[in-house]
Chemist: 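The structure under discussion is supplied below as structure tokens; questions concerning it will follow.
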Amino acid sequence: MSALPTRSFSSHMRQPSMSAHVSSTGQSPALLARVNEKKAELENLKELRDLSAAVASQMEALEQKLATLSDGTEAIAMVMGNWHNVLRAINMASAKLAKPSGTDDTPSARGAVPLPQTLVRIPTEHAPALQAHADGATEES
């Protein structure tokens with residue numbers, strides 16, 4: 001009359017306890033194989049976790065290097081943008097020089113042409129010490 005199974009509830013509950021009894025005395029080969037498979041899977045997942053952590057740390061290091069590179073690129077772009085102004089200032093300083101008089105085109109007369117006004121003065125009193133330090137650094141390499 002009803003479509004329910006004819007097995008009783010008590011016999012259905014006894015089956016797991018019987019299988020638990022079998023597993024406590026001697027595990028089935030299929031169950032052992034599955035446990036070993038899960039252990040291998042766990043080891044693989046631990047290795048994957050470690051490798052993922054290594055990749056993450058390398059990506060963070062790469063991020064820092066790219067940030068440094070980006071900052072350096074911005075600085076170079078600013079310097080390159082200023083070259084136009086520097087060259088214009090040099091041109092203006094050169095234009096204010098007195099024009100050489102005479103039409104003598106000999107090499108000695110050309111050598112006497114005045115140079116442009118000095119725009120930047122760099123002290124060179126420490127130059128010999130700096131050069132010696134740089135030479136020492138290249139010898140160690």
Side-chain angles (χ1 to χ4, degrees), residues 1-101 103-141:
M1 200 157 99
S2 97
L4 295 175
T6 57
R7 277 170 76 181
S8 69
F9 183 71
S10 62
S11 68
H12 184 68
M13 290 300 289
R14 272 189 260 146
Q15 275 186 329
S17 65
M18 288 178 150
S19 65
H21 179 66
V22 171
S23 67
S24 65
T25 58
Q27 295 179 346
S28 69
L31 185 58
L32 283 174
R34 181 154 171 112
V35 168
N36 289 336
E37 181 183 315
K38 291 296 179 181
K39 284 181 181 178
E41 186 178 348
L42 177 63
E43 290 301 317
N44 288 337
L45 287 172
K46 285 180 179 179
E47 185 178 353
L48 180 62
R49 179 195 61 201
D50 295 342
L51 291 173
S52 296
V55 168
S57 65
Q58 289 175 356
M59 293 300 270
E60 288 173 359
L62 182 61
E63 176 191 16
Q64 292 172 353
K65 290 178 181 178
L66 285 174
T68 301
L69 183 63
S70 175
D71 293 344
T73 303
E74 289 173 5
I76 289 172
M78 188 183 322
V79 168
M80 293 300 292
N82 287 333
W83 270 109
H84 175 72
N85 294 333
V86 170
L87 294 175
R88 189 171 57 190
I90 291 171
N91 188 27
M92 289 171 55
S94 297
K96 293 195 185 252
L97 290 175
K99 301 290 180 196
S101 60
T103 59
D104 190 10
D105 200 20
T106 63
S108 62
R110 283 194 306 246
V113 174
L115 297 174
Q117 181 67 28
T118 303
L119 300 176
V120 177
R121 296 179 190 257
I122 301 172
T124 58
E125 59 195 35
H126 301 294
L130 290 174
Q131 184 63 37
H133 180 68
D135 290 342
T138 56
E139 289 175 3
E140 291 175 3
S141 298

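We use all heavy atoms of the structure for the numbers below, so side chains are in, but hydrogens, waters and symmetry mates are not.
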Chemist: Identify each donor-acceptor pair in which a side-chain atom of residues 56-73 lies under 3.5 Å from a protein atom, sequence neighbours left out, and give them as a table.
Modeler:
residue, atom, partner, partner atom, Å
Ser57, OG, Ala54, O, 2.8
Thr68, OG1, Gln64, O, 3.1
Thr73, OG1, Leu69, O, 2.8

Chemist: Please evaluate residues Asn82 and Met78 with respect to the criterion side chain to side chain contact (heavy atoms under 4.5 Å, CB included), reporting the C-alpha separation (whole Å), side-chain torsions for both, the decisive distance (0.1 Å), and the verdict.
Modeler: CA-CA 6 Å; Asn82 287 333; Met78 188 183 322; 4.1 Å; yes

Chemist: When Glu43 is tested against each of Lys46, Glu41, Glu47 for side chain to side chain contact (heavy atoms under 4.5 Å, CB included), which residue passes?
Modeler: Lys46

Chemist: If you define the side chain from C-beta out and look only at heavy atoms, does anything of Val35 sit under 4.5 Å from Lys39?
Modeler: yes

Chemist: Any side-chain donor paired with an acceptor under 3.5 Å for Asn91 and Arg88?
Modeler: no

